[in-house]
Protein chains: 2
Amino acid sequence: MSRSTSKAKPAAVSATGDEPPAQPLSRASRSAEGLSIAGVARQAGVSVATVSRVLNAHENVRPATRDKVLAAVDASGYRVNELARNLRTAESRLLLTMVPDFGNPFYAEIVRGIDSVARQHGYFMLLCDTGADAGRERSYFDLLRRRRADGAICLDPATIQQAQADASGALPWVACCEFDPAVGVPYVGIDNYRAAGDAVRHLLSRGHRRIGLINSDIDYLYARQRQQGYLDALSDAGITPLDGWRMNLNSLDYEAGASAAATLMLPPDAPTAIFAVSDTLATGVLHGLRSVGKRVPDDVAVVGFDDISIAAQIDPPLTTIAQPMRELGETAARLLLQRLANPLANVPGVLLPHRLVIRGST
Amino acid sequence: MSRSTSKAKPAAVSATGDEPPAQPLSRASRSAEGLSIAGVARQAGVSVATVSRVLNAHENVRPATRDKVLAAVDASGYRVNELARNLRTAESRLLLTMVPDFGNPFYAEIVRGIDSVARQHGYFMLLCDTGADAGRERSYFDLLRRRRADGAICLDPATIQQAQADASGALPWVACCEFDPAVGVPYVGIDNYRAAGDAVRHLLSRGHRRIGLINSDIDYLYARQRQQGYLDALSDAGITPLDGWRMNLNSLDYEAGASAAATLMLPPDAPTAIFAVSDTLATGVLHGLRSVGKRVPDDVAVVGFDDISIAAQIDPPLTTIAQPMRELGETAARLLLQRLANPLANVPGVLLPHRLVIRGST
DNA sequence: ATGAAAGCGCTAACAC
DNA sequence: GTGTTAGCGCTTTCAT
């Protein structure tokens, strides 16, 4: 079933001079295409300053001169070396977005929101996967420190952000979804406490009394907030939540949700409803319940969180708390842009509305 | 349910001089932290060359001197400005990965593979979402042309790659998953023709004769190859595939798969099995079939493609063609690194093995 | 309207 | 071992 071919012809490398072929060189190899603004200037018979003016659409260039330059640019296939430009202008027009796991569909729509706003403002947005690892995150923050990017949006756990904030001085970044107001960094997110309460109250209204919570690792701030929302909603309903109803997972994988659900169903007085703090988890929960012979929602009801696109597709469709993912991303990007435009301004934290979406799983 | 707060204090901006506060400046604002190698040299009482040597771990620096420099670096919180370094060394140590849609979980594991190899070799990998749009893709290729990245891995449709290859001269990039050997760019992927055949033959072995194909847009090379594999497998079995069994979708969304499946079930002699060219599509198909009252696999069998993590979780679990996603990414990264190390070398195309994973949906 | 020249911060010869 | 200096390719005064 496996094989290799060697069909690919080497993509025609344009005249590269005569350096030794097997050398891990990197500069010499661009001699052909790598001409500079000076070369263009020579070809056009003008000065580098004039070429630069044309390139940057400045006033004060005679149309005839402009045309000459443009022609030379065209003829030579010249591209500005942005490394040089950026060194000179001290900005890169690159924005970084750090996510803990880009396998989680939850982030996709957020990132699209960021991307579109960034693009609208002439920035490139590049995505980094930190794996929720503080070391890797630090290395990405280093890209900022070392001037390779102008700003960053961080979706990593608050604990990591915390460490970062301490070390980062006044680096231009904002927090999205995960944030700690105390860190003093602009942020956008939702009211996790209330959202969790809404989920639990919905379950209560369906008559459930024993409600389980499948939560992520508690070093996520949202995990603590949602747990509190869950606990208080139960208390408010006169219910004393049992510790055995709660599980904390260090993963949001489907598998993690599946096995957690199975575990939760073990005791004779197991919960009749489960609130999972992400749709990926809840999807796994559905699977886990099926595997131990429980029907949803007849035997056990399930509420998820996020409203990722698969939530409506699975069987049964998932009741969930919808986050305004696109807007979260867009807002984060705007906050960052604001901060870049005016580093001294007081950029606010903002909370966006969530929404309970009722489907077949409850 | 919505509210805004203004809790965030402005992250202490270190002494910024006295420029007008409301200005969209960008250079002046870094005066405090933005000291250069010269500043460190002064503080340490050595020359810039020596500082550079220490920073780059060169030989020929007396331990005492090194310590002095390191102390100065530490004290000042100095960070190398990589814009300057890169301009000088003419490399950025940044790799770009372009995907058509990072909402598709299929790409996640591939990208992780790329990332880990890149990191091992001292490169950063940054992810770009092209939205399968030629214009956006071109703009990312421009990052290459303008020296902001050293190389790229492209997972976009072959048609787009084609256009790119024409215009890109000998830009350092490789293709992953989607590729056209004729384009002359190094690539890694699987044998889509055989994989599709394997899927169909599995369905045939289960006794199905009327087998539907839910395919993506035909301007993906893999779509054409899988279609051909499907057609030939049926022909080889003495079956004449009807046109009405085939659908082409311009999206891989769950929703697209769901409505396609419903449509496919309309005729009285509808297929008794469906081969969908991606697991996202197949997941939607399951939903679509449910919505028209068909049971899987009793009424209709379903085979997907990719083996993304959710495939095993849904009900019923999906029979699918597994792609070696991690290896695809790792191999792509290695090919690119090879190409960077030696631009003149003949980098081969490589095909990796796929695998039929049989689960409950067939 | 155009050109000359001074750097942006760094590395790498080349001296000593 | 360490310092001096010449660029990398660009933008931007300052002249003209």
Side-chain angles (χ1 to χ4, degrees), chain A residues 25-31 33-70 72-73 76-93 145-148 150, chain B residues 25-31 33-70 72-73 76-93 145-148 150:
Chain A
L25 67 165
S26 72
R27 312 193 49 165
S29 62
R30 50 177 50 141
S31 49
E33 29 149 356
L35 85 177
S36 72
I37 204 174
V40 177
R42 209 175 312 118
Q43 282 188 40
V46 299
S47 75
V48 292
T50 301
V51 176
S52 176
R53 286 190 191 101
V54 172
L55 257 26
N56 295 286
H58 281 200
E59 313 300 313
N60 297 345
V61 181
R62 221 175 29 201
T65 317
R66 154 172 280 105
D67 291 347
K68 255 194 315 191
V69 171
L70 257 20
V73 168
S76 62
Y78 166 80
R79 298 297 176 129
V80 59
N81 178 334
E82 300 225 24
L83 248 29
R85 168 182 290 176
N86 293 339
L87 174 58
R88 192 48 227 243
T89 59
E91 66 168 6
S92 68
R93 306 222 49 104
R145 252 180 229 107
R146 299 179 175 190
R147 307 294 150 74
R148 318 232 353 212
D150 289 344
Chain B
L25 67 164
S26 73
R27 316 196 42 168
S29 62
R30 50 176 52 141
S31 50
E33 28 149 355
L35 83 177
S36 71
I37 204 172
V40 176
R42 208 176 312 118
Q43 283 189 38
V46 299
S47 74
V48 292
T50 300
V51 176
S52 175
R53 286 190 190 102
V54 172
L55 256 28
N56 295 286
H58 280 201
E59 313 300 313
N60 299 344
V61 181
R62 218 171 34 200
T65 317
R66 151 171 283 104
D67 290 348
K68 255 194 316 192
V69 172
L70 257 19
V73 167
S76 61
Y78 165 80
R79 296 299 176 126
V80 58
N81 178 334
E82 299 225 26
L83 249 29
R85 170 182 287 177
N86 293 339
L87 174 59
R88 189 51 226 237
T89 60
E91 65 167 8
S92 68
R93 304 213 63 95
R145 248 179 234 109
R146 299 178 174 190
R147 308 293 152 74
R148 320 234 349 215
D150 289 344

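Chain A is the first sequence line, chain B the second, and so forth, proteins listed ahead of strands; every chain is numbered from 1.
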How many Å lie between CG on B/Asn60 and C1' on C/dT11, as a whole number? 15 Å

Just report the end-to-end axis angle for the helix from C/dA1-D/dT16 to C/dC16-D/dG1, five pairs per end, to 10 degrees. 40°

Atom pair distance, as rounded to whole Å: CG in B/Leu87 and C1' in D/dC8: 4 Å

Selected nucleotide, minimal atom distance to A/Val61 side chain, candidates D/dC10, C/dT2, C/dG9: C/dT2

Under 4.0 Å between any heavy atoms, over every strand shown, what does B/Asn81 touch: base, sugar-phosphate, or nothing? Just pick one. sugar-phosphate

Distance below 4.0 Å between A/Thr50 side-chain N/O and C/dG3 OP1 or OP2: yes

Out of B/Val54, B/Asn56, B/Leu55, which residue meets the side-chain contact (heavy atoms from CB on, under 4.5 Å) rule with B/Ser52? B/Asn56

Base, sugar-phosphate alone, or nothing: which one does A/Asn86 contact when heavy atoms must sit under 4.0 Å apart? nothing

Audit row: B/Ile37, B/Val80, side chain to side chain contact (heavy atoms under 4.5 Å, CB included) steps and yes/no: CA-CA 7 Å; B/Ile37 204 172; B/Val80 58; over 6 Å; no

Does the side chain of A/Gln43 reach to within under 4.5 Å of the side chain of A/Leu35, using non-hydrogen atoms? yes

Measuring from the side chain of B/Val46 (C-beta onward, heavy atoms only), which nucleotide among C/dC10, D/dC10, D/dG3 has the closest atom? D/dG3

What's the OH-C1' distance between B/Tyr78 and C/dC10, to the nearest Å? 7 Å

Find the distance A/Arg146:CZ to C/dC10:P and express it as a whole number of Å. 11 Å

Give a yes/no on whether any side-chain N or O of B/Arg62 is located under 4.0 angstrom from OP1 or OP2 of D/dG1. no

Find which nucleotide of DNA chain C each of A/Arg66 and A/Val48 is nearest to by heavy atoms, and output the residue with the more 5' nucleotide. A/Arg66

If you measure from CD on A/Glu91 to CG on B/Leu83, what distance do you get to the nearest 0.5 Å? 10.5 Å

Which part of the nucleic acid, if any, lies within reach of A/Ser52 when heavy atoms closer than 4.0 Å are counted: base, sugar-phosphate only, or nothing? base

Below 4.0 Å: OP1/OP2 of C/dG3 and any side-chain N or O of A/Ser47: yes

Can you tell me the distance, in whole Å, between the NE2 atom of A/His58 and the P atom of C/dT2? 14 Å

Does a side-chain N or O of B/Thr65 approach OP1 or OP2 of D/dT2 to a distance below 4.0 Å, or not? yes

Please step through side chain to side chain contact (heavy atoms under 4.5 Å, CB included) for the pair B/Ser76 and B/Val40, ending with a clear verdict. CA-CA 7 Å; B/Ser76 61; B/Val40 176; 4.1 Å; yes

Who are the salt bridge (Lys or Arg N to Asp or Glu O under 4.0 Å) partners of B/Arg146, not counting sequence neighbours? A/Glu82

Atom-pair distance (CZ on B/Arg148; P on D/dG9), nearest Å: 17 Å

Whether the side chain of B/Arg88 and the base of D/dG7 hold a donor-acceptor pair under 3.5 Å is what I'd like checked. yes

Do other residues, nucleotides or ligands put more than 12 heavy atoms under 6.0 Å from A/Arg93 CZ? yes

Toward the 5' end of DNA chain D, which comes first, B/Ala49 or A/Ala49, by nearest nucleotide? B/Ala49

Using a distance-only criterion (donor-acceptor N/O pair, under 3.5 Å, no hydrogens), is the base of D/dG1 paired with the side chain of B/Arg53? no

Applying side chain to side chain contact (heavy atoms under 4.5 Å, CB included), run through A/Thr65 and A/Arg53 and close with a yes or a no. CA-CA 11 Å; A/Thr65 317; A/Arg53 286 190 191 101; over 6 Å; no

What is the distance, to the nearest angstrom, from the CD atom on A/Glu82 to the C1' atom on D/dC10? 11 Å

Using atom CG of A/Asn56 as one end and atom P of D/dG9 as the other, report the distance to the nearest whole Å. 17 Å

